[in-house]
Amino acid sequence: MRRFLHISFILLLSVSALSAQPRLVTPEYYFGVQGGVMASMMHFSPSISQSAKHPHLGGNAGFVFRYAGHKYCALQLELNWMERGWYETDIDYDRTQHYIEIPMLFHLYFGRQVRGFLNLGPQIGWCVAEYDNGNAPAEEHQYLKLDKPFDWGVAGGLGLYGRTVAGTWQLEARFNYSLGDIYKNSKADWFSRSAPMNLSLNLAWLWEFKK
């Protein structure tokens, strides 16, 4: 319940900021593709042997749609494939999980031809496949298949993009944190928390469509 209230509070603030901005005379519409690399870990409680120096490395790719009807504010919708997971340093165990993800972001920007921006909003996703490198010592706890393929959480990113005759080129660093768990978390279960978190660096190529 507390996590849902946090999401609702972020959405309320974002909608208030969007409605307070002056409208553009000519709205801007963008559509494009993006891709990049990402480093992932898991927030396990009780914790396991992970290290920020040796995260799970993967890739991501997807489609981006952005509508800017207000000055300095826009709405952005994405459809992404993400390669998440975690790496356990003590036993050389690597787990890979493939997610289909839909972020719904408020896009705050400043500048004209070259713009800086902040993306912030909720995300939902679904794990479609997972596998490991075969080094699991036993079929228990974090080495079992996930119990909850549905994922939800928040995403935030900072970046810069420039508009050229060949389209808009955008570079963004983004952090994703899940508010849901991949394993059951009742008092009878081993983990009270099992949430994915990842940091990605993405390059996007967008085209602007005008009326």
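Only this structure's heavy atoms are used, side chains among them; waters, hydrogens and symmetry mates stay out.
Under a 3.5 Å cut-off, the side chain of E130 and the backbone N or O of K145 do not form any donor-acceptor pair. No donor-acceptor pair under 3.5 Å is formed between the side chain of H56 and the backbone N or O of D94. A side-chain donor-acceptor contact under 3.5 Å links S192 to the backbone of S45. With hydrogens and angles disregarded, no donor-acceptor distance shorter than 3.5 Å links the side chain of Y99 to the backbone of C127. Checking side-chain atoms of D147 against main-chain N and O of K184 turns up a donor-acceptor pair under 3.5 Å. Side-chain atoms of N119 do not come within 3.5 Å of backbone N or O of G159 as any donor-acceptor pair. No donor-acceptor distance shorter than 3.5 angstrom exists from the side chain of T89 to the backbone of S51, with no hydrogens or angles considered. Of the possible donor and acceptor atoms, one in the side chain of S194 sits under 3.5 Å from a partner among the backbone N and O of I182.
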### Task
Go through the steps for D92 and N135 under the test side-chain contact (heavy atoms from CB on, under 4.5 Å), then give the verdict.
CA-CA 7 Å; D92 189 29; N135 289 348; 3.5 Å; yes

### Chi angles and distances behind the side-chain contact (heavy atoms from CB on, under 4.5 Å) call for E28, R163
CA-CA 12 Å; E28 298 176 359; R163 298 189 291 180; 3.4 Å; yes

### Query
Going through the checks in order, is the side-chain contact (heavy atoms from CB on, under 4.5 Å) test met by L158 and F117?
CA-CA 6 Å; L158 290 172; F117 67 88; over 6 Å; no

### Query
Given the rule in the side-chain contact (heavy atoms from CB on, under 4.5 Å) test, do N185 and R193 qualify, once you have shown the distances and angles that lead to the verdict?
CA-CA 6 Å; N185 56 1; R193 192 81 176 101; over 6 Å; no

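In this structure the side chain of V114 reaches within 4.5 angstrom of the side chain of L160, judged on heavy atoms. Residues S40 and M82 form no side-chain contact, since every pair of their non-hydrogen atoms from C-beta on lies 4.5 Å or further apart. Put simply, the side chain of W126 reaches to within 4.5 Å of the side chain of V128, judged on heavy atoms.
A side-chain donor-acceptor contact under 3.5 Å links E88 and W86. With 3.5 Å as the limit, one finds no donor-acceptor pair spanning the side chains of N198 and Y177. With 3.5 Å as the limit, one finds a donor-acceptor pair spanning the side chains of N80 and E101.
Taking the six-membered ring for Trp, Y131 and H98 have ring centres closer than 6.0 Å.
For L79, the side-chain contact (heavy atoms from CB on, under 4.5 Å) partners are I100, I102, not counting sequence neighbours. For F110, there are no side-chain contact (heavy atoms from CB on, under 4.5 Å) partners at least two apart in sequence or on another chain.
Under the 4.5 Å side-chain heavy-atom criterion for ILVMFWY residues, no single connected hydrophobic cluster contains both V154 and M42. Cluster annotation: M197 and L201 are assigned to distinct hydrophobic clusters (Ile/Leu/Val/Met/Phe/Trp/Tyr, side-chain heavy-atom contacts under 4.5 Å, transitive). The cluster map of Ile, Leu, Val, Met, Phe, Trp and Tyr, joined by side-chain heavy atoms under 4.5 Å apart, puts M41 and L199 in the same cluster. In the hydrophobic clustering of ILVMFWY residues, with side-chain heavy atoms under 4.5 Å counting as a link, Y87 and L57 come out apart. A continuous path of ILVMFWY side-chain contacts below 4.5 Å connects V33 to F65, so both sit in one hydrophobic cluster.
From D181, atom CG reaches atom CZ of F150 across 12.5 Å, with rounding to the nearest 0.5 Å. Annotation: the span from W205 atom CH2 to Q34 atom CD amounts to 14.5 Å, rounded to 0.5 Å. Residue Q123 holds its CD atom at 11.0 Å from CH2 of W152, rounded to the nearest 0.5 Å. With values rounded to the nearest 0.5 angstrom, R66 atom CZ is found 12.0 Å from L77 atom CG. Rounding to the nearest 0.5 Å places CD of Q76 at 12.5 Å from CE of M104. Interatomic distance, CD of E208 versus OH of Y29, reported as 11.0 Å (0.5 Å rounding).
With a 4.5 Å cut-off between side-chain heavy atoms of Ile, Leu, Val, Met, Phe, Trp and Tyr, the cluster of L206 takes in Y30, V64.
The two residues M38 and S200 have their closest heavy-atom pair at CB-CB, 3.7 Å. When all heavy atoms of P196 and G180 are compared, the pair lying nearest together is CD-O, 4.3 Å. Contact between P122 and L105 at its shortest, heavy atoms only, is O-CD2, 4.5 Å. Taking all atoms of both residues into account, the shortest heavy-atom contact from L120 to G156 is CD1-CA, 4.3 Å. Minimum heavy-atom separation, G157 to E172: CA-OE2, 3.4 Å. For A195 against S178, the heavy-atom pair with the smallest separation is CB-O, 3.5 Å.
Between W190 and H141, the ring planes lie parallel to each other; the angle is under 30°, not in the 30° to 60° tilted range. Note: Y109 and Y72 have tilted aromatic rings, judged against thresholds of 30 and 60 degrees for the angle between ring planes.
Within a 6.0 Å sphere centred on CZ of F63, other residues, nucleotides and ligands contribute 12 heavy atoms or fewer. Atom CH2 of W81 has more than 12 neighbouring heavy atoms from other residues, nucleotides or ligands inside a 6.0 Å radius.
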